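One structure below.
What you see is a predicted model, and the numbers here were worked out from it, not measured in a lab.
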Amino acid sequence: MEDLPLPALFEQARKIHADATESAVDQEVVKKGCQALHRCEDMVNNLGLFSSNETKEDISTANLKYILVPFYLAELMEKIAQEDRLQILKASQAKLKEFISFCEAMELVPKEELESYMEGAPKTVVDQRARKIARFKRQRAAESKLLEIKERKERRGRSTKAAALSTPVEAGEEEVLDDDGEEEREAWTTTISLAICKALDLLDMLKKEDEMLSAVKDRQSKDGAEFSRDVLDERAKKAEAWHRDSAVRARYTKPSPPITCATFAQDVLEGRAKASQAHDHKHQPLIFGPASLVNGSLTTERERMAAQVFQPSHRMPTMSIEEAGLKEMEIMNKWQERNVKLMEEANSSWHNDRKSKPGEDDDDEDDDAAQEKARAWDDWKDDNPRGAGNKKLTPCG
C-alpha cells in the first residue's frame with residue numbers, strides 16, 4: 001500500500017467503500033480501507049492538488065474524484081465496531097464537516113442545501129419534512145443521471161467495438177480513443193452532488209446518535225449504574241446455565257400431550273392456561289373492557305357492564321373452529337347412517353313385495369276402466385249413426 005500511486009490507491013479504497021456500502025464486510029477490510037483513505041488524504045495534501053483560491057472550474061477532471069476522500073473516510077469510519085462509540089461518531093462527523101466545507105468553498109453545494117445547512121436543524125416538522133423531500137429528489141436525480149451516463153458510455157463502447165470489427169484498423173490507429181473528458185467530468189460532478197446529499201443525511205443521523213449516547217453516559221455516571229463487561233458476562237452465564245439445566249430436566253420429564261385446539265394453544269402462548277391442563281374444546285367468548293386486562297371473573301353487575309363498554313362492531317363467534325368441525329362431523333355421520341338405512345330398506349324383500357302388490361291392483365283397475373269406456377263408446381255409436389242429426393243433408397226433409 002505504501003508503494004502504490006495515488007490513482008491506484010484511491011481505486012482500491014473506493015472498491016472497499018463500495019463493498020462495505022452494499023453488504024457487511026469484515027472489520028479488517030474496513031480498517032484497511034480507512035488506512036488507504038488516510039494515505040490518499042496525506043498524498044493529496046502533500047501534492048497540493050487543491051487550493052483555497054480555486055473553484056470547481058479550476059480543478060482538473062483527473063483530480064475531481066479526490067474531493068470524495070473525506071466522505072469515503074467518514075462513511076468507513078462510521079462502520080468501525082469499537083467500544084468507545086462516541087469517539088468514532090465525533091471523528092466521522094469531523095470528516096463529514098470537512099467534506100461539506102470544502103465543497104462549499106468549491107461552490108459544489110446547492111444554494112437551497114447550503115441555506116438549510118447554515119440554518120441548522122429545522123424548528124418545525126413541516127420544514128424538516130420539506131427539507132428531506134427536496135434532498136431526496138436531488139439524490140434521485142443524481143442517481144438517474146449517473147445511470148444515464150453509464151448506459152451511454154456502454155452503448156458507445158459497444159458501437160465502437162462493432163465498428164472496429166467491421167472496419168479494418170490501419171497501422172498507428174490502435175491507440176486512438178474517443179475524447180470523453182466532458183462526460184467523465186460530468187460523472188464525477190454528479191457523484192460529488194450525490195455524496196453531498198448522503199453526507200448531510202449521515203451527519204444528521206450521527207448527531208442524533210451522539211446526543212443519545214451522551215445522554216445515556218451522563219445518566220449512567222450520575223446514577224452510578226454503569227454496566228460493565230463482568231455484569232454482562234455473568235448474565236450470559238446464568239442464561240446458559242438455565243438452558244443447560246432445562247435440557248437435562250427434559251430427559252426425565254414426561255412430555256405433555258399435543259395440543260389440538262387452536263383456542264387453547266393461544267391461551268397457552270399468552271399465559272392464560274398451562275399445557276398440562278385438560279381441555280374439552282369449550283369456547284369462551286372474548287371479554288373486552290377492564291376485566292380483560294386483569295383476567296378477572298365477572299362477579300358483579302357493575303363489572304359485567306364495565307366489561308361490555310368496548311365491544312367489537314361485528315358479531316362474535318358462538319363456537320370455536322374445533323366445535324364447528326365436530327358438529328359437522330356429527331351431522332355427516334347421521335346423514336350417512338340414514339342413507340345406509342334407506343338403502344337396506346330399498347333392497348329388502350318386504351319393500352319389494354310392498355311396492356309390487358299395489359302396482360298390480362292399479363293395473364287391473366286401469367284395464368277395467370278402459371274396457372268400460374270402450375263399450376260405452378261402441379253403444380253410443382250404435383245409437384247415433386254417422387250424420388243422423390244433420391237434417392240439411394236430406395234432399396226432401
Should the ring pair Tyr66 and Phe10 be called parallel, tilted or perpendicular, given that the plane angle runs from 0 to 90° and is split at 30 and 60? perpendicular
Using every non-hydrogen atom in the two residues, find where Ala187 and Leu146 come nearest and quote the distance to one decimal. O-CD2, 3.5 Å
For the atom pair CG (Leu9) and CZ (Arg14), what is the distance rounded to the nearest 0.5 Å? 14.0 Å
Lys15/Glu11 salt bridge by N-O under 4.0 Å criterion: no
Using a strict threshold of under 4.0 Å (side-chain N to carboxylate O), is an ion pair present between Lys95 and Glu41? yes
What residues form a ring pair (Phe, Tyr, Trp, His ring centres under 6.0 Å) with Trp335, not counting sequence neighbours? none
Enclosure of Arg152 CZ (heavy-atom neighbours >12, cutoff 6.0 Å): yes
Checking Ser92 side chain against Met77 main chain: does a donor-acceptor pair fall under 3.5 Å? no
d(Asp210 CG, Leu203 CG) to nearest 0.5 Å is 10.5 Å
Any residue meeting salt bridge (Lys or Arg N to Asp or Glu O under 4.0 Å) with Glu57, in chain and number order, not counting sequence neighbours: none
Flag the pair Asp204 and Arg135 as a salt bridge only when some basic side-chain nitrogen lies within less than 4.0 angstrom of an acidic carboxylate oxygen. yes
Residues Glu330 and Lys334 bridged, charged N to O under 4.0 Å: yes
Nearest 0.5 Å, what's the CG-NZ distance between Leu37 and Lys32? 12.5 Å
Would you call Lys65-Glu184 a salt bridge at under 4.0 Å N-O? no
